[in-house]
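The structure appears right after this line, and notes come after that.
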6 protein chains.
Amino acid sequence: MERAGRMGVAVRGIERADAGAVQRLAPFGVATIHEAQGRTGLLKPAVRPAWPGAAVCGTAVTALLQPGDNWMLHVVAEMIRPGDVVVAACTADNEDGMFGELLATSYRARGGAGLVIDAGVRDVRALAAMRFPVWSRAVHARGTVKATLGSVNVPVVCGGMLVVPGDAIVADDDGVVVVPRERVADVAAAAEARERKEAATRERLARGELGLDVYGMREALAKAGLRYEDGVKN
Amino acid sequence: MERAGRMGVAVRGIERADAGAVQRLAPFGVATIHEAQGRTGLLKPAVRPAWPGAAVCGTAVTALLQPGDNWMLHVVAEMIRPGDVVVAACTADNEDGMFGELLATSYRARGGAGLVIDAGVRDVRALAAMRFPVWSRAVHARGTVKATLGSVNVPVVCGGMLVVPGDAIVADDDGVVVVPRERVADVAAAAEARERKEAATRERLARGELGLDVYGMREALAKAGLRYEDGVKN
Amino acid sequence: MERAGRMGVAVRGIERADAGAVQRLAPFGVATIHEAQGRTGLLKPAVRPAWPGAAVCGTAVTALLQPGDNWMLHVVAEMIRPGDVVVAACTADNEDGMFGELLATSYRARGGAGLVIDAGVRDVRALAAMRFPVWSRAVHARGTVKATLGSVNVPVVCGGMLVVPGDAIVADDDGVVVVPRERVADVAAAAEARERKEAATRERLARGELGLDVYGMREALAKAGLRYEDGVKN
Amino acid sequence: MERAGRMGVAVRGIERADAGAVQRLAPFGVATIHEAQGRTGLLKPAVRPAWPGAAVCGTAVTALLQPGDNWMLHVVAEMIRPGDVVVAACTADNEDGMFGELLATSYRARGGAGLVIDAGVRDVRALAAMRFPVWSRAVHARGTVKATLGSVNVPVVCGGMLVVPGDAIVADDDGVVVVPRERVADVAAAAEARERKEAATRERLARGELGLDVYGMREALAKAGLRYEDGVKN
Amino acid sequence: MERAGRMGVAVRGIERADAGAVQRLAPFGVATIHEAQGRTGLLKPAVRPAWPGAAVCGTAVTALLQPGDNWMLHVVAEMIRPGDVVVAACTADNEDGMFGELLATSYRARGGAGLVIDAGVRDVRALAAMRFPVWSRAVHARGTVKATLGSVNVPVVCGGMLVVPGDAIVADDDGVVVVPRERVADVAAAAEARERKEAATRERLARGELGLDVYGMREALAKAGLRYEDGVKN
Amino acid sequence: MERAGRMGVAVRGIERADAGAVQRLAPFGVATIHEAQGRTGLLKPAVRPAWPGAAVCGTAVTALLQPGDNWMLHVVAEMIRPGDVVVAACTADNEDGMFGELLATSYRARGGAGLVIDAGVRDVRALAAMRFPVWSRAVHARGTVKATLGSVNVPVVCGGMLVVPGDAIVADDDGVVVVPRERVADVAAAAEARERKEAATRERLARGELGLDVYGMREALAKAGLRYEDGVKN
């Protein structure tokens, strides 16, 4: 694996996670996948869906942008294959509207499934109307120039998390999680197992059983020294 | 009243505000109740509804959590009585997703009416589908461990405001307000009076009368020295 | 043009942008108008719509408020003419709920078309139900006093941008843009031209053409030194 | 104990923590006292010293302020006794410069030992020259009006922590900690014990022993599942 | 006065505030000048000195920068006359290190007295060693490109405040204040008067008199409804 | 290179950058090294020195921490070799005081040269007195538990930047930069070259030459369309 953040290059062929395995992640929410891979892989909570209900599951192609400049979002368009999610990082904190309706039109025409960007986006009403799923740090109408090189399809740090081209990306209302391409099948299996277990737990909780009993926490709480006190009688 | 923030205890019986009085608060918005109790009791604006339209009115049971750890949210579940709202504070700023669909299922089964938490939550789409009302500082899929004690049903500072177990909690799109349990009936009466007065004011304003006249502000403005200037004629 | 931020005055007659020209801006989104006037005029992205789908196009009347005090929002009500948008700045950062349902009722009765405020608002559910469009920095139920003078219809800095009374204001889900009153017709013309051009571009992009070709970027990228690399074959 | 946040009152006589016990806290840093009282009592890290090296240990007299208004800082001056630290909270987030050289001169003349304020201060160079210790959320030259009532010597929430008049306050470069007045002697004793133990630990660590061994962590790490791996030989 | 934010121009001759009048402001702190001109003119508190003790008083030459791009800081260097302070705004929030030791060397050689920038700076240790006074929003080593035009010597909004080329700028540990060029002599006179008055007040407060009496606040407090309560006797 | 963020492992032997090459970086500031390696490698500006004048140059050993838990800072102590800088990331945003005087004593005894942590630290006055260099996101007295595993000596994302164990770390008042271990000699050479060139530039600028001429910018500015305008004659 190469280093993150190499500048001035655009990599044409990347090794993508197995498409079948990626699709096994699709039924699960971000929270489930995060747990299933050992509580790792989440982007910071500042990266939020641009419209409510947005959800995506695909493979990452990446762009590294300069502040105020979205040039590389055009370069990456050529690298998109059907099912890809563009993951864009920025070399400095920046909330400019790097992406809008025209780029969404282009990405969709190339088979792009969505965008995750550690910067701002615009035209959010149009994006919602197109149902093109987008996660961003901000919504801002401010457009950008095309003057300074970044990179395409190099590893990037987006929302505080390393994303390697070809990794699986799952995103929904709870945020964005990345699954390393070599772990996708394992994580999918773990998510399936977790979901089965949670279904049983959910049923017990819905009947009024307490998590204290379902998860068997009482002994550990006592050992940790929790003191129950009786307050008022009522 | 005991001190806020005592650690390692779970109090079993608390004195709740009178249920009938609490229900008199239900018709009013948070803004009205805040005004009716003398412009006090609001949590900071960073504590926001997890889904649009969420609204709740109930009595507080409280949990004090450690960062990255939601153990006490299970302990408090046993203390919930129908109509209670869980109010959870954290000993340090933390945006982890402390609460999600499973705990919501459990709380609802116990009669819990909602959650206010000075931390993060997850599974927000499921929470919205269940119509389980939640207010939080963040939405984040990141789950938590169960390793370190906090407390349950002690006074806590949540969103910058002191909440004592048994206080009334009213929350809607405008935020969250706490009414001390001993003041609920008085505040309800004041809110009812305020609402009647506002209805008359609303009608006058809707007819085009100015607040300057409805509230009789012109003299105070003149006394404070406001100078009217004529700009362009138009 | 007078200086921004003069205190203790209320200007009665202002020179408004030509109403017909302002209406030519209405079909365009904020992003388009921002580009059409040379990428200037946007408020900071922290000023957000209070309810999704809010949109407005009108002329600015302004208020300069003190923190925790909304007195001048009543003084400005008298200055509103049909089609005006109230633009309110604050002399210090403040997230109090300066504006709510009653003032919205009053503004609408006077012909007010919307509000942009660099502070907080409340009653957001009622504002949405009334479809009264509002942009603000925060939503907070906390009300305000009426004790200290600011000004009305002086130039103000709102969301980091200078707004002069009579300027055109366009706002939507992407944020808020101000068009100086003397430039409205020119900007409208530029927006119309831009939109025509974008329609053609959109069509080409929707057919799968790349922005690299549509905008002719390949040569500039090569000149800037972008190196294409072949990764894995696939 | 009365409720936090009562408005419009100034309480003249308060029960202070025992002065002798408070002085036993003075040799210790904030971090030590925080640990000694069970890891509670700290204000949020946003409340910072106004000049490097500021340190104080005393008893709290409190003020609850309105945003943009420092009236109550004058009312509390009359309540100061030698050794008191003024603790000022604000009913809404506000960074105005509520306090400066003149008030510091007044407080010092009355025996005031310092100020902790959840808002802004100004004249910081003069404060440093006077060596009057101050902790605040911001430094801002913006002054305030004197128009709206708050309260004096009621319990307040400052920096997210409940402070009751008469509590002990210790503050240094690491922040601010409050010790409930009824616990001061116990916390002082615990801090003294902790310091003795830390001295021994410090010596062992300074000789190159590892915390893993000094604190006996190896077994717990193994039990928690830590896997040691050998990387490269070197 | 022209509009703020015009792009792509560099204005060569500007009308500066009278140098003698500007120097009358030099003895006063930012807080005093802010009060003396009616509590207006302050930049937001996020604009902070890059090294403690920095202080400056001079006339503004301005630059409007693009994010990640400091080109205009070189263009403005040619406009500097002895005693000028460069005031730099940015078209979007950006914390890049736009300015460092080399530019400081250049500005000083041209007679530049300091810099106020709504972005980041670097080489802060060297700036302190040179005693070149700088105020900025951030310290960051990240450098910038020189690719996109802004403007020089147009009115700009910096730290939320309008600054017109030729205005007086005074800055110290408390922040930055701008005095419109046409008001400098009046504000200097008001500051001198204020200082005389404050000296007498300071003396009374230092003797232990209360602000309540010095400023005659007791009647207004009573009228506003402040209730004194006797707590414990002590 | 392995993936960032693997959990529950402690790697014992790591490949460090060549010590001689690392020492060639020591004379240069962070800004120079950042430029010398193509404007990459900087941590975000929120990671700041804990005391003014702190500076370090060494090789990274890494720790990945859980929020509110500094257990791994003890595990990493055993891995420190003389000249190492501990670089600590956290799985979630957290400002707790993870590190203080005792750990600094231990690290120094093991030859540790400094700490960079994407969380909080405490005992900052003691750290300054020891002259143990530390960079952190916050200063907070709040201590932490030792209950949940992270990792040691795996790649981590700290301050938004990927750090691989064995990389070179240079930090000063301007922030923190990481140099990949395989590039250290090249970057040192580039920094040396840059410094020589800057010395000549500095001299020319100090004589009053303009950057416009030293860097030959006039033509590019003209080509980009900069319009010089003559304002007032003076």
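All heavy atoms count here, side chains included; hydrogens, waters and symmetry mates do not. Naming convention: chains lettered A, B, ... in sequence-line order (proteins, then strands); numbering from 1 in each chain.
The heavy-atom pair separating E/L226 from D/G150 by the smallest distance is CD1-O, 4.5 Å. What you find for D/E95 and E/P45 is that their closest heavy atoms are OE1-CG, 3.4 Å. The minimum heavy-atom distance between D/H140 and E/L43, with the atom names listed, is NE2-O, 3.1 Å. Here the closest non-hydrogen pair linking E/G53 and D/R125 is O-NH2, 2.9 Å. Nearest heavy-atom pair across D/L149 and E/G225 is CD1-C, 3.6 Å. Across every non-hydrogen atom of E/L212 and D/H74, the tightest pair is CG-O, 3.7 Å.
Comparing E/R218, E/E209, E/R207, E/K44 by heavy-atom pairs within less than 4.5 Å of chain D, the highest count is held by E/R218. Annotation: maximal heavy-atom pairing with chain E below 4.5 Å, among D/A128, D/G143, D/A104, occurs at D/G143. For the options E/A220, E/A46, E/A55, E/G175, heavy-atom pairs under 4.5 Å to chain D are most numerous at E/A220. In terms of heavy-atom pairs under 4.5 angstrom with chain E, the leader among D/A141, D/S106, D/A138 is D/A141.
A donor-acceptor distance shorter than 3.5 angstrom exists from the side chain of E/D174 to the backbone of D/D123, with no hydrogens or angles considered. With hydrogens and angles ignored, the 3.5 Å screen pairs no side-chain donor or acceptor of E/R227 with any backbone N or O of D/A10. Side-chain N or O atoms of E/R202 include none that pairs as donor or acceptor with a backbone N or O of D/T105 at under 3.5 Å.
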Given D/M72 and E/L221, is the side-chain contact (heavy atoms from CB on, under 4.5 Å) satisfied, shown in steps? CA-CA 10 Å; D/M72 293 301 112; E/L221 285 163; 3.8 Å; yes
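Rounded to the nearest 0.5 Å, atoms CE (D/M79) and CG (E/L210) are 10.0 Å apart.
Neither the backbone nor the side chain of D/R108 comes within contact range of chain E; no heavy atoms are under 4.5 Å apart. If you measure heavy-atom distances from D/V75 to chain E, the contacts under 4.5 Å come from both the backbone and the side chain. There is no contact between E/R204 and chain D, counting heavy-atom distances below 4.5 Å. With a 4.5 angstrom heavy-atom cutoff, D/V145 touches chain E via backbone and side-chain atoms both. Heavy atoms of D/R6 lying under 4.5 Å from chain E belong exclusively to its side chain.
In this structure, the side chains of D/V139 and E/D173 stay at 4.5 Å or more apart for every pair of heavy atoms. Taking 4.5 Å as the limit, every side-chain heavy atom of D/R122 sits out of range of all side-chain heavy atoms of E/D172.
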